[in-house]
Amino acid sequence: MNGPTFDDRDGFIWFDGALRPWRDANIHILTHAMHYASAVFEGQRCYGGKVFALEQHSQRLIESARLLGFEIPWTREQIDAATNETVAANGLTDCYVRPIAWRGSEQMGVAAQLTKPHLAIACWEWGAYFGEEALRKGLRLNVAQWRRPAPYTAPTRSKAAGLYMICTLSKHAAADAGYDDALMLDWRGQVAEATGANIFFLKDGVLHTPTPDCFLNGITRRTVMGLARQRGVEIVERAIWPEELETFQQAFLTGSAAEVTPLAEIGPWRFEVGDLTRQLAADYAALVRGGNTL
Ligand code: PMP
């Protein structure tokens, strides 16, 4: 880990309605979220002073909390404004933004009806999620042992902290085996996504991507689908089985942190960092810096 730890930095964090000095943005150890993962979060990037797709991220945060049974006591507009205020207070124009909402410390045990919901927003400079080299050469993924849970097993449409437990385990196992990240299958054995990004494949000029029925239908995913359509590229959302991976020529990940990152390999399968992947990465970079959503 380079640089200061995340609790020991200069700057400001928006915390329950006001900016606090970074090091004072703390919670008590007996916080429900800490014990029972009753927390939801967002991750978005600010480009040239404008947070890309801010409204969509704030709205998803609100809905993620509702899926966990709690209501964030700020409106979408208030969360948008608080986000902009946080970025400005830190003097940043290009950064990653992390809003998080969680249940407080009024109650201990599984039940949480008496807990108060909280909201904090932090931001910091964060370059390419997988590093600059990955953007040129493509990432190497293994196939995770953990599978995305079925929608009747977990609130899979929520960007809930608890759902990342198997992502961290998969990411560590991938790193231990010398890979950059892991491809996660879903509970049926179909291709789902990476540990923090959606996945696309190219075959004979057509893009294929798994139907998001048990994982996040990412904001970047939908944006890149729009960009591909603008280029006249056909997109098929469907069930994709791992056996099919050998038939694809290109593959890439999409995510607010990952942006558009090409893949070079997944387990035994190889992909080229090809023209369409590069084109969509460039289109996405231009769109987010242009300050508009599609
Ligand atoms: N899946 C997972 C597990 C993620 O963490 C993310 C990043 N939020 C995504 C997909 C992509 O979502 P988005 O494009 O909205 O950032």
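Because only heavy atoms are used, hydrogens play no part in the values below, and waters and symmetry mates are left out as well, while side chains stay in. All of these numbers come straight from a predicted model, not from anything done at the bench. One-based numbering, in listed order, for ligands and for the atoms of each.
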Trainee: Quick one: do F201 and W241 satisfy ring-ring contact (aromatic ring centres under 6.0 Å, His included)? Show the steps, please.
Mentor: CA-CA 12 Å; F201 301 96; W241 294 91; over 10 Å; no

Trainee: Do K137 and D180 sit within salt-bridge range, that is, some charged N less than 4.0 Å from a carboxylate O?
Mentor: no

Trainee: Heavy-atom distances under 4.0 Å decide this one: backbone, side chain, both or neither, for A197 against ligand 1?
Mentor: backbone

Trainee: Could you find the nearest protein heavy atom to atom 1 (N) of ligand 1 and give me its residue, atom name and distance?
Mentor: E193 OE1, 2.6 Å

Trainee: Any non-hydrogen atom of L163 lying under 4.0 Å from ligand 1?
Mentor: no

Trainee: Nearest protein heavy atom to atom 11 (C) of ligand 1, by residue and atom, and its distance?
Mentor: N198 OD1, 3.6 Å

Trainee: Please state which protein non-hydrogen atom is closest to atom 5 (O) of ligand 1 and give its distance, to 0.1 Å?
Mentor: Y164 OH, 2.4 Å

Trainee: Going by the side chain to side chain donor-acceptor pair (under 3.5 Å) test, name the single residue among E55, Q56, E63 that passes it with Q59.
Mentor: E63

Trainee: Under 3.5 Å between any N/O of G255 and any N/O of ligand 1: does that happen in this structure?
Mentor: no

Trainee: Do E42 and R98 sit within salt-bridge range, that is, some charged N less than 4.0 Å from a carboxylate O?
Mentor: no

Trainee: Which residue supplies the protein heavy atom nearest to atom 6 (C) of ligand 1, what is that atom called, and how far is it?
Mentor: G196 O, 3.3 Å

Trainee: Distance to 0.1 Å, residue and atom name: give those for the protein heavy atom nearest to atom 14 (O) of ligand 1.
Mentor: T220 OG1, 2.6 Å

Trainee: In this structure, is the centre-to-centre distance between the rings of F15 and W102 below 6.0 Å?
Mentor: yes

Trainee: Which ligand 1 atoms does T195 reach within 4.0 Å, using its non-hydrogen atoms?
Mentor: 3 (C)

Trainee: Between N198 (side chain) and L216 (backbone), is there a donor-acceptor pair under 3.5 Å?
Mentor: yes

Trainee: For K203 and T247, test the side chains for any donor-to-acceptor distance below 3.5 angstrom and give the result as yes or no.
Mentor: yes

Trainee: Decide whether the shortest distance between a heavy atom of Q56 and an atom of ligand 1 is less than 4.0 Å.
Mentor: no

Trainee: Keeping the roles fixed (side chain from R147, backbone from A192), state whether a donor-acceptor pair exists under 3.5 Å.
Mentor: no

Trainee: Between R140 and D181, is the closest basic N to carboxylate O distance under 4.0 Å?
Mentor: no

Trainee: Show the atoms of ligand 1 that are less than 4.0 angstrom away from any heavy atom in I219.
Mentor: 13 (P), 14 (O), 15 (O)

Trainee: Counting only N and O atoms by type, is there a donor-acceptor contact under 3.5 Å from the side chain of W22 to the main-chain atoms of F6?
Mentor: yes

Trainee: For atom 12 (O) of ligand 1, what is the closest protein heavy atom, and at what distance to 0.1 Å?
Mentor: G218 CA, 3.4 Å

Trainee: Taking heavy atoms and a distance under 4.0 Å, where does R60 meet ligand 1: side chain, backbone, both or neither?
Mentor: side chain

Trainee: Give the residue and atom name of whichever protein heavy atom lies nearest to atom 8 (N) of ligand 1, and the separation in Å to one decimal.
Mentor: K159 NZ, 2.8 Å

Trainee: Among protein heavy atoms, which lies nearest atom 16 (O) of ligand 1, and at what distance?
Mentor: S256 OG, 2.7 Å

